[in-house]
Amino acid sequence: MSDVAGKFITLEGIEGAGKSTQKRALVEYLKSRGLTVIETREPGGTPYAEAIRELLLEHPAEPVSAQTELLLMFAARAQHLDALIKPSLDAGSWVVCDRFTDATFAYQGGGRQLPSEWIETLETLVQGPLRPDLTLLFDVPTAVGLQRAGKRGTLDRIESEDLAFFDRVRAEYLRRAELNGERTRIVDASQPEAQVAADMIRAVDLWSAS
Ligand code: Z5A
């Protein structure tokens with residue numbers, strides 16, 4: 001595994017897929033390999049972007065339009081990229097991010113059914129050529145993910161969507177994984193936590209050796 005250049009790894013999946021759980025295991029593993037690792041998430045990752053996250057996830061008095069949601073996701077991303085992700089990669093750190101633009105294709109594209117061309121346009125505008133080096137898609141049947149996430153109690157605005165919404169989100173994630181097969185690895189997240197972690201580490205090792 002090279003420690004000269006920074007690498008950008010994103011973790012994706014529906015609610016309750018286990019991204020946050022596996023992010024901790026991945027960061028620990030990469031650090032044990034002597035790498036400098038920045039752990040972050042979207043929407044959010046910097047104080048300003050976290051303020052946008054609050055806006056996105058709270059239950060406001062008025063309905064939030066899908067376009068507003070899309071633009072706020074990219075507003076937060078622009079700030080996150082400029083203030084944290086790009087400087088960290090330039091400094092040679094590895095950045096491990098819980099969700100990135102594949103989530104926008106899945107939730108605002110698949111879930112909200114906004115045209116993917118709009119998302120592609122914003123992706124180019126905000127990111128230029130920057131894309132993740134590796135995306136780990138934690139795939140789990142929708143009912144299993146929602147059942148795990150539901151144990152937490154209160155649901156935020158996006159979590160309050162129905163099963164059909166999350167089925168579309170999952171289908172779009174799988175479609176994107178096929179489209180971006182060179183950078184995406186699917187991990188079967190319906191297995192016990194330790195097995196998911198083992199499969200994830202194997203996928204990362206195979207990718208970094210290639
Ligand atoms: N969003 C969007 O719409 N567009 C975008 O562009 C972006 C995001 C970037 C916030 O994301 C919301 O933003 C999200 C998508 C939207 N909305 N929703 N809904 P987030 O990532 O911060 O929130 P989240 O997806 O709701 O995270 P999560 O539910 O916490 O999921 P997770 O991180 O994948 O799961 P976890 O916290 O690791 O685990 C959940 C529970 O399952 C927990 O009790 C674990 O102990 C348990 N767990 C984990 N793994 C296992 C296994 N293998 N077996 C059994 N139990 C397990």
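All ligand and atom numbering here is 1-based and tracks the order in the structure. Throughout, residue positions are numbered sequentially from 1 according to the sequence presented.
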Side chain to side chain donor-acceptor pair (under 3.5 Å): pairs with one or both residues in residues 16-28, sequence neighbours excluded: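 Every side chain to side chain donor-acceptor pair (under 3.5 Å) pair that includes a residue of residues 16-28, provided the two are not neighbours, is Ser20-Asp98.
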Between [X] and ligand 1, does any nitrogen or oxygen pair lie at a separation below 3.5 Å?
X	value
Glu69	no
Glu42	no
Met73	no
Gly16	yes
Arg41	no
Gly18	yes

As an exercise, identify every atom of ligand 1 less than 4.0 angstrom from a heavy atom of [X].
X	value
Pro192	53 (N)
Ala17	34 (O)
Arg77	6 (O), 9 (C)
Thr104	5 (C), 6 (O)

Of the backbone atoms (N, CA, C, O) and the side-chain heavy atoms from C-beta on, which set of [X] has a member under 4.0 Å from an atom of ligand 1: side chain, backbone, both, or neither?
X	result
Lys23	neither
Glu159	both
Gln108	side chain
Pro43	both

Under-4.0 Å protein heavy-atom contact, atom 20 (P) of ligand 1: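 Under the 4.0 Å cut-off, atom 20 (P) of ligand 1 does have protein heavy-atom neighbours.
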Hey, is atom 8 (C) of ligand 1 under 4.0 Å from any protein heavy atom?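 Protein heavy atoms within 4.0 Å of atom 8 (C) of ligand 1 - there is at least one.
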Give a yes-or-no answer on whether the side chains of [X] and [Y] include a donor-acceptor pair shorter than 3.5 Å.
X	Y	result
Thr142	Arg170	no
Arg77	Thr101	yes
Thr184	Thr135	no

Is the shortest side-chain heavy-atom distance between [X] and [Y] below 4.5 Å?
X	Y	answer
Phe74	Gln79	no
Leu72	Glu69	no
Leu137	Val187	no
Val96	Val37	yes

Specify the closest pair of heavy atoms between Arg183 and Pro132, including all atoms of both residues, with the distance to one decimal.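 Smallest interatomic distance, heavy atoms only, reads CD-O, 3.4 Å.
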Does at least one non-hydrogen atom of [X] fall below 4.0 angstrom from an atom of ligand 1?
X	answer
Gln195	no
Glu161	no
Gln191	yes

State yes or no: do [X] and [Y] share one hydrophobic cluster built from I, L, V, M, F, W and Y residues joined by side-chain heavy-atom distances below 4.5 Å, directly or via other members?
X	Y	value
Leu179	Leu134	no
Trp207	Leu35	yes
Leu11	Leu130	no

Which residue and heavy atom of the protein sit nearest [atom], plus the separation:
atom	value
atom 25 (O) of ligand 1	Arg99 NH2, 2.3 Å
atom 45 (C) of ligand 1	Thr21 OG1, 4.0 Å
atom 33 (O) of ligand 1	Ser20 OG, 2.5 Å
atom 32 (P) of ligand 1	Lys19 NZ, 3.3 Å
atom 17 (N) of ligand 1	Glu15 OE2, 3.0 Å
atom 12 (C) of ligand 1	Leu57 CD2, 3.9 Å
atom 29 (O) of ligand 1	Arg152 NH2, 2.8 Å
atom 44 (O) of ligand 1	Arg148 O, 4.6 Å

Examine distances only and state if a side-chain atom of Ser160 and a backbone atom of Asp156 form a donor-acceptor pair shorter than 3.5 Å.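 The answer is yes, because a donor-acceptor pair under 3.5 Å joins these two groups.
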Counting heavy atoms not belonging to Gln191, are there more than 12 under 6.0 Å from its CD?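 Yes - once you tally the heavy atoms of other residues, nucleotides and ligands closer than 6.0 Å, there are more than 12.
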Might you confirm whether atom CD of Glu182 has over 12 heavy atoms from other residues, nucleotides or ligands at distances under 6.0 Å?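 Enclosed: over 12 neighbouring heavy atoms sit under 6.0 Å from CD of Glu182.
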Would you list the pairs meeting ring pair (Phe, Tyr, Trp, His ring centres under 6.0 Å) in which at least one residue belongs to residues 97-143, sequence neighbours left out?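 Every pair satisfying ring pair (Phe, Tyr, Trp, His ring centres under 6.0 Å) with a residue in residues 97-143: Phe8-Phe100.
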